[in-house]
Amino acid sequence: MSDPTPVIDDLREESEELDRLVAGLEPERWALPTPAAGWTVAHQIGHLAWTDHRARTAVTDPDGFRALVEQALAAPHTYVDDGAEEYARAEPAALLARWREGRAELEKALREAPDGARFPWFGPPMSAASVATARLMETWAHAQDVADTLGVTRAPTGRLRHIAWLGVRTRDFAHGVHGLTPPAGPFRVELTAPDGGEVWAYGPEDAPQRVTGPALDFCLLVTRRAHRADLDLTGDGPDADRWLDIAQAFAGPPGGGREPKGDGAR
C-alpha cells in the first residue's frame, strides 16, 4: 500500500512555490492573460481553488460529490471553465485567501484519510496518494502558465517525479482520448532527473519501444505546456514516437496545446 505522505508533502511545497509567485502581484496583474485561451492569472488560481474544493468534497463527502458529478454531466463542455470564471471574479486578495484555505483543508483531509480508502472522482476512483499526485500535477502545470505570463523561469525540482510517473501511467488513456487503440506492449521510459545525476526509469529494460530525455521536458509534454518540437525528447519505435505526439496526464479533452516556438530540439 502506497504511503501518501511524501506526495502530500510535495503538493504542499508545489503550492507554496506558486503562492510566492502570485502573493506579491499588484491587483491589475491578476488580470494578465495567460497561455490558456481566455484565462487570466486569476482564472489559473481560481481553477486550482475550485478543483481543490471538489477534491476535498470527494474525500470527505462522497454523497455530496455525486451531486457535483451530475453538474459536470449536465454541462460537460463548460463545467471547468465556468468554475474558474466564478472564482476569478473575486478580488485578488480574497481569491488568494480562498485558495490557501481550500488547499489546507484538502491537505488535512488527505492526511486523515483511512489507509486503503478510495474516493470517487470524475474518472475512476482514486486513493489519497493518487488524489495528491493529480493535484500536484495540476498545480505545477497551472503554475507554469502563470510563470510564462510573468516571464519567470522556474527551477525544476525532484517533485517532477510524481508528474513523470503519472505521465507514464496515463499512456493508454492518452490514446483513448484521441480515439486510438493503445499499444499492446510496455514501453521503456528513461528520464534524466533535474539534478542530472539520476535517471528515472519505468518499464522493462528490454522493451523495444523507448522514450528518453529530460524529466522536465517530459512533464511539460504530458501537461501540454510545451510543444513537442520545442522539447528534447526521443521516441524510439513507431508507437513510442506517436505517443509523444498525443501524451497527456490530465483528464478531459487534450485541447489545442501550445504552438511550437520554432527553436526546439526535435
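As a basis for the values below, the full set of heavy atoms in this structure was taken, side chains included, without hydrogen atoms, waters or symmetry mates. Please read all numbers here as calculations on a predicted model, not as lab measurements.
A salt bridge is defined here as a Lys NZ or Arg NE, NH1 or NH2 lying under 4.0 Å from an Asp or Glu carboxylate O, and K108 with E112 meets this definition. In summary, E70 and R66 do not engage in a salt bridge, as defined by a charged side-chain N under 4.0 Å from a carboxylate O. Between R103 and D19 there is a salt bridge, since a side-chain N of the basic residue sits under 4.0 Å from a carboxylate O of the acidic one.
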Next item on the list: Just do the side chain to side chain contact (heavy atoms under 4.5 Å, CB included) check on D241 and R228 with the steps written out, would you?
Entry: CA-CA 11 Å; D241 187 70; R228 180 185 175 185; 2.6 Å; yes

Checklist line | Audit row: I246, H175, side chain to side chain contact (heavy atoms under 4.5 Å, CB included) steps and yes/no | finding: CA-CA 7 Å; I246 62 172; H175 283 78; 3.8 Å; yes

Next item on the list: Determine, step by step, whether W140 and L160 satisfy the side chain to side chain contact (heavy atoms under 4.5 Å, CB included) criterion, reporting the C-alpha distance in whole Å, the side-chain angles of both residues, the deciding distance to 0.1 Å, and the verdict.
Entry: CA-CA 9 Å; W140 182 84; L160 291 179; 3.5 Å; yes

Checklist line | Full working for side chain to side chain contact (heavy atoms under 4.5 Å, CB included) between L96 and V22 | finding: CA-CA 8 Å; L96 183 57; V22 300; 4.1 Å; yes

Next item on the list: Determine, step by step, whether H43 and E85 satisfy the side chain to side chain donor-acceptor pair (under 3.5 Å) criterion, reporting the C-alpha distance in whole Å, the side-chain angles of both residues, the deciding distance to 0.1 Å, and the verdict.
Entry: CA-CA 6 Å; H43 284 87; E85 177 65 31; 2.7 Å; yes

Check: Is there a salt bridge (charged side-chain N to carboxylate O under 4.0 Å, His left out) between E205 and R210 once you walk through the steps?
Finding: CA-CA 9 Å; E205 291 186 35; R210 306 174 71 85; over 6 Å; no

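Two residues are said to be in side-chain contact when any heavy atoms from C-beta on lie closer than 4.5 Å; P120 and M126 fail this criterion. Within the 4.5 Å cutoff, the side chain of F65 has no heavy atoms near those of the V59 side chain.
The CD atom of Q71 lies 5.5 Å from the CG atom of L68; values are rounded to the nearest 0.5 Å. Residue F250 holds its CZ atom at 7.5 Å from OG1 of T223, rounded to the nearest 0.5 Å. In this structure, H178 NE2 and Q248 CD are separated by 6.5 Å, a value rounded to the nearest 0.5 Å.
Under a hydrophobic clustering in which Ile, Leu, Val, Met, Phe, Trp and Tyr are joined whenever their side-chain heavy atoms come within less than 4.5 Å, directly or via other members, L48 and V152 fall into the same cluster. Using a 4.5 Å cut-off between side-chain heavy atoms of Ile, Leu, Val, Met, Phe, Trp and Tyr, with links allowed through other members, I45 and L150 fall into the same hydrophobic cluster. V189 and F173 are members of different hydrophobic clusters when ILVMFWY side chains are connected at heavy-atom separations under 4.5 Å.
With sequence neighbours excluded, the residues that form a side-chain contact (heavy atoms from CB on, under 4.5 Å) with R98 are Y87. Evaluation of the side-chain contact (heavy atoms from CB on, under 4.5 Å) rule for A247 yields L221, V222, W243 as partners, not counting sequence neighbours. Remark: P6 pairs with D3 by the side-chain contact (heavy atoms from CB on, under 4.5 Å) rule, at least two apart or across chains. E28 pairs by the side-chain contact (heavy atoms from CB on, under 4.5 Å) definition with E26, not counting sequence neighbours. W165 meets the ring pair (Phe, Tyr, Trp, His ring centres under 6.0 Å) test with no other residue; sequence neighbours excluded. The side-chain hydrogen bond (donor to acceptor under 3.5 Å, both in side chains) test applied to R159 returns E13, E14, E17, not counting sequence neighbours.
More than 12 non-hydrogen atoms from other residues, nucleotides or ligands lie less than 6.0 angstrom from CZ of R111. The number of heavy atoms from other shown groups lying within 6.0 Å of CD (E91) does not exceed 12. In the displayed structure, R12 atom CZ is contacted under 6.0 Å by at most 12 heavy atoms of other residues, nucleotides or ligands.
Aromatic ring pairs are classed by plane angle as parallel below 30°, tilted from 30° to 60° and perpendicular above 60°; the pair W39 and H142 is parallel.
Of the possible donor and acceptor atoms, one in the side chain of D217 sits under 3.5 Å from a partner among the backbone N and O of D232.
Just one of R258, K261, R225 meets the salt bridge (Lys or Arg N to Asp or Glu O under 4.0 Å) condition when paired with D148; it is R258.
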